[in-house]
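To start, the structure itself, in structure tokens.
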Amino acid sequence: MSTNVAEKKSSLYEQIGGEPAMEAAVDLFYRKVLSDERISHFFEDVDMERQSAKQKAFLTMVCGGPSAYSGKDMRKGHAHLVQRGLNDTHFDAVVEHLSATLLELGVAKPLVEQVLAIAGGARADVLDR
Amino acid sequence: MARVKLEGQWYGLDEGESVLDGLLRGGVRVPHSCRAGACQSCLMRAEGGAVPAKAQVGLKETLKARGYFLSCACHPEGDLEVAGAGAELRVPARIATLERLSDSVLCVRLRPEKPLEYRAGQYVSLIRADGLARSYSLASQPHEDTLELHVRRTAGGRMSGWLFDEARPGDALELQGPAGECFYVPGRPEQPLLLAGTGTGLAPLYGILQDALSHGHTGPIWLFHGALEPSGLYLVEELRALQSCYSQFQYRPCVLKGQERVGVTVGALDAVIKEACPRPAGWRAWLCGDPSLVLSLRKKLFLAGLSLKDLHADAFLPSTPPPQEGVEVSGRASDASR
């Protein structure tokens, strides 16, 4: 069962274009969140390379790619942002940019839907509920 | 409580204290400058115990493998046995020439006594005989027989004050390094390049510019040099001469304050850049100098479409005194660093 899930996930990741697609997506995605005044303050980081690496790891995870992130990590990694007021509105804004990024890169809509479903599944962990 | 052992003696570290701060508090002289894990002046080597990964960020793999770490960024969990970076990493050098480039900027040329491999735009730590260390960017090209540094005089700056007022050709110093990712990599010769900096941020940019030109870079190369006032600009004639030799090169000196005059733009550096280069997507950029300007410019250029992997930023961090020394050195960029 677990192998099936893994295969299915890796196939989604491969269909989206794998690592090169993540590389192409990360600048677009980061630019969108950094330009969005609703959420940009959560993404301000003196170290833009580090922030960009985090975003790439996030994109890889929600696209079903090989990811070292567990739900526990997501929870721990966002706890300080929840304290600063991170809520559903912000989560929705990020999901919006995720969707727009993938569509912009020409990813087919059904695949984007699958990615959004995975991202949606992270909501409780990210918002620490 | 974590402890550090150096030359047979143990030094206790207070909660949250770095190896550097603990040793300085214990009266040990350790060369250091930025205290922010960037300049690499405070390099030490671990001989026993575990070095946290954070203390090795940015170091070359060859240094990591030999146990080197940045003592200012090292907060060990337990006991750590360390040694000073020592002679094996340092290159003795002598001052070859000292030449004023402007009222506030001194060109220091050094002759290393052993070959030093580097890329124009990287930086080295300059270590005086008494252990005082500051880092400076390299404006010279590796084939030259001397290294060129640009040193800005800063109020109360110990290294810059010494270099301006007391140092003489022939004086001995030591160099450590090079370090830094701010340099030109040959390839894509048609790609537009954007070089922008303030103050002695011109030093690495001058090195990078000449490196790119000597590699036959054919794409447009823009160099923006910002200063508060016209007296803060330097190498103006040299850069104008380069501009007339190379049609792809555009030199734009800018000042924040002062009268409008031929060849010098008055205005904020970011606004001047935006007007001259409104669509920098696909360009390569190097930003050097004042940290807040470098960081805000990086963000603006990224949002304007420049890819992060093509953006090289070198923020010149001020040298900071250890907490217990108070505010003896009011560090500003170039004494300060590079």
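Naming convention: chains lettered A, B, ... in sequence-line order (proteins, then strands); numbering from 1 in each chain. These values consider heavy atoms only, across backbone and side chains, with no hydrogens, waters or symmetry-generated copies.
Heavy atoms of other residues, nucleotides or ligands lying less than 6.0 angstrom from CZ of A/R129 number more than 12. Around CD of B/E117, the count of heavy atoms belonging to other residues, nucleotides or ligands within 6.0 Å does not exceed 12. For CD of B/E190, the number of neighbouring non-hydrogen atoms (other residues, nucleotides, ligands) closer than 6.0 Å is greater than 12. No more than 12 heavy-atom neighbours from other residues, nucleotides or ligands sit within 6.0 angstrom of NZ on B/K274.
Separating the CE atom in A/M48 from the CG atom in B/L295 is a distance of 9.0 Å, to the nearest 0.5 Å. The CD atom of B/E181 lies 9.5 Å from the CD atom of A/E49; values are rounded to the nearest 0.5 Å. Here CZ of A/R31 is found 4.5 Å from CZ of B/F302. Values are rounded to the nearest 0.5 Å. Here A/S35 contributes atom OG and B/K299 contributes atom NZ; the two are 8.5 Å apart, rounded to the nearest 0.5 Å.
Of all heavy-atom pairs between A/Y30 and B/L308, the closest is CE2-CD1, 4.0 Å. Taking each heavy atom of B/L303 and A/L34 in turn, the nearest pair found is CD2-CB, 3.9 Å.
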